[in-house]
Amino acid sequence: MNKKKKHIAILGSTGSIGTQSLEVVDAHPERFVVEVLTANNNSKLLIEQSKKYKPNVVVVTNESKYKEVNNALFDLGIKVFSGENSLEEVVENENIDVVLTALVGYSGLKPTIRAIKSGKNIALANKETLVVAGDLITKLCKQYGVSIYPVDSEHSAIFQCLVGEHFNPIEKIYLTASGGPFRRKNREELLHVTKEQALKHPNWEMGSKITIDSASMMNKGLEVIEAKWLFDLKKEQIEIVVHPQSVVHSAVQFTDGSVIAQLGIPDMKLPIQYALGFPERLENNFNRFSFLDYPELTFEKANFDTFKNLSLAYSAMEKGGNIPCILNAANEVVVDAFLKDKISFLSMSDVIENCMEKITFVKNPKLEDYINTDRETRILANELL
Ligand code: NDP
Ligand code: MG
């Protein structure tokens with residue numbers, strides 16, 4: 001059967017998710033066309049990718065890299081732009097069907113809003129956007145008739161478990177967590193851990209920000225908030241379960257007590273492909289899961305005593321308003337500082353908590369409030385380092 005090709009914009013194509021999404025494109029050249037590629041600094045890889053995939057438009061946000069990228073791509077007829085505003089403008093292009101947001105952190109917020117307002121469906125890897133402004137984003141999606149297809153493996157799992165269950169309410173979800181490199185550690189043992197130790201994730205190869213978030217369990221905290229907005233859930237309906245093998249990607253429990261889970265090897269290409277190909281499951285030759293390779297699948301309680309970030313995230317979600325935005329901005333500052341050896345591992349949560357207490361609460365934030373909150377929190381968090 002001859003199917004229409006999907007034209008995709010990949011924001012953050014040089015990152016971990018970005019490069020894996022291009023592998024998904026490689027597996028299905030008859031189904032996907034790359035319209036837009038973007039990067040922040042990595043001009044070399046962006047140029048290499050552009051020569052291979054020949055997108056219509058390329059954005060390098062760091063303006064000092066513009067000349068180099070434009071010189072390399074001009075003869076190929078590829079339009080090159082730079083600066084943050086360009087990132088927002090390119091998603092509006094009428095050729096684009098799906099925007100894959102693989103930017104890291106708060107930088108994804110404005111381009112995602114612009115994409116939604118232009119009616120583009122979103123394949124969402126950039127969970128921070130939903131954490132910062134989930135209320136605004138979900139309202140805009142309804143208003144513009146836009147769907148969000150989750151790329152985050154846990155949320156993709158839940159999304160897959162819900163296919164065909166539209167009229168059946170969710171009792172609760174089980175959000176699985178690998179536990180990261182510091183699973184089963186107590187606070188005493190984490191007093192002096194280094195970034196090198198924190199960057200060694202047992203199961204996933206990811207960008208540095210999310211790898212630190214996984215070590216501090218903030219990643220799971222952000223995912224709890226992400227799940228609330230994606231699946232319209234209350235605090236009591238979201239349970240974290242530590243599952244070190246990362247094979248059960250998450251599960252949904254329905255009101256009859258039945259639990260449906262999604263399984264697979266830990267490989268982000270699978271959720272990326274599901275988000276881009278939805279509603280179809282596309283054939284591929286990615287590695288296959290075998291139960292016999294995993295004779296023991298184990299499950300543990302999440303450790304809220306060691307990982308204060310978990311309580312902070314649940315509390316931010318419960319309080320709502322601009323508090324999750326504060327949590328996110330403070331977290332971005334402390335993670336960056338931790339990667340530069342400017343703060344200890346455990347102190348990261350203290351700074352975040354402090355910011356959540358001190359920044360002015362806004363109950364029903366608008367976009368400007370989120371922008372102000374993000375800016376104010378970054379200033380305060382930097383002072384608190
Ligand atoms: P990476 O750090 O590997 O990649 C980030 C990408 O965004 C790069 O292309 C980078 O460009 C670009 N970028 C970074 N900062 C900016 C900025 N300020 N403005 C414009 N572009 C920017 O991150 P990941 O791929 O690991 O993560 C991307 C998102 O996906 C995150 O939100 C993460 O939480 C989420 N996610 C990631 C998973 C993973 O397995 N990696 C799993 C689930 C979710 P450059 O290369 O030039 O710096
Ligand atoms: Mg995840």
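Just so you know, ligand 1 is whichever comes first in the structure, and atom 1 is the first atom listed for that ligand.
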Under 4.0 Å from ligand 1, counting heavy atoms only, is it the side chain of [X], its backbone, both or neither?
| X | value |
| --- | --- |
| S107 | side chain |
| M268 | side chain |
| N126 | both |
| E128 | side chain |
| N42 | both |

Could K6 and F32 be counted as a cation-pi pair, given that NZ or CZ must be under 6.0 Å from the ring centre and within 45° of the axis?
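The answer is no, since K6 fails at least one limit relative to F32.
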Within 45 degrees of the axis of the six-membered ring of F307 and under 6.0 Å from its centre: does R187 put its NZ or CZ there?
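Judged by the rule (NZ or CZ under 6.0 Å from the ring centre, within 45° of its axis), R187 is not positioned above F307.
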Any non-hydrogen side-chain atom of [X] less than 4.5 Å from a side-chain atom of [Y]?
| X | Y | value |
| --- | --- | --- |
| K358 | C355 | no |
| L76 | K51 | yes |
| D97 | N121 | no |
| E171 | V252 | no |
| R183 | V242 | yes |
| I10 | Q49 | no |
| F81 | Y66 | no |
| E128 | K209 | yes |

Below the 3.5 angstrom mark, is there an N/O of [X], backbone or side chain, next to an N/O of ligand 1?
| X | answer |
| --- | --- |
| Q20 | no |
| I17 | yes |
| E205 | no |
| D152 | no |
| S208 | no |
| G207 | yes |
| G12 | yes |

Nearest non-hydrogen protein atom, [atom]:
| atom | answer |
| --- | --- |
| atom 33 (C) of ligand 1 | I210 CD1, 3.9 Å |
| atom 22 (C) of ligand 1 | N40 CB, 3.5 Å |
| atom 20 (C) of ligand 1 | T61 OG1, 3.3 Å |
| atom 3 (O) of ligand 1 | S16 N, 2.9 Å |
| atom 46 (O) of ligand 1 | T14 OG1, 2.6 Å |
| atom 4 (O) of ligand 1 | G15 CA, 3.1 Å |
| atom 31 (C) of ligand 1 | L103 O, 3.6 Å |

Show me which atoms of ligand 1 lie under 4.0 Å from any heavy atom of [X].
| X | answer |
| --- | --- |
| N41 | 45 (P), 47 (O), 48 (O) |
| A102 | 5 (C), 6 (C), 7 (O), 28 (C) |
| K127 | 32 (O), 34 (O), 44 (C) |
| V104 | 7 (O), 14 (C), 15 (N) |
| A125 | 30 (O), 32 (O), 35 (C), 36 (N), 44 (C) |

So which atom in L87 and which in V90 form the shortest heavy-atom distance, rounded to 0.1 Å?
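Closest approach of L87 to V90, heavy atoms only: O-CG2, 3.5 Å.
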I'd like the atom name of the N/O/S atom in [X] lying closest to the Mg ion (ligand 2).
| X | value |
| --- | --- |
| E223 | OE2 |
| E154 | OE1 |
| D152 | OD1 |

Just by distance, no angles: are the side chains of [X] and [Y] close enough, under 3.5 Å, to form a donor-acceptor pair?
| X | Y | result |
| --- | --- | --- |
| H243 | T298 | no |
| K65 | N40 | no |
| E223 | H155 | no |
| K67 | N71 | no |
| D350 | S347 | no |

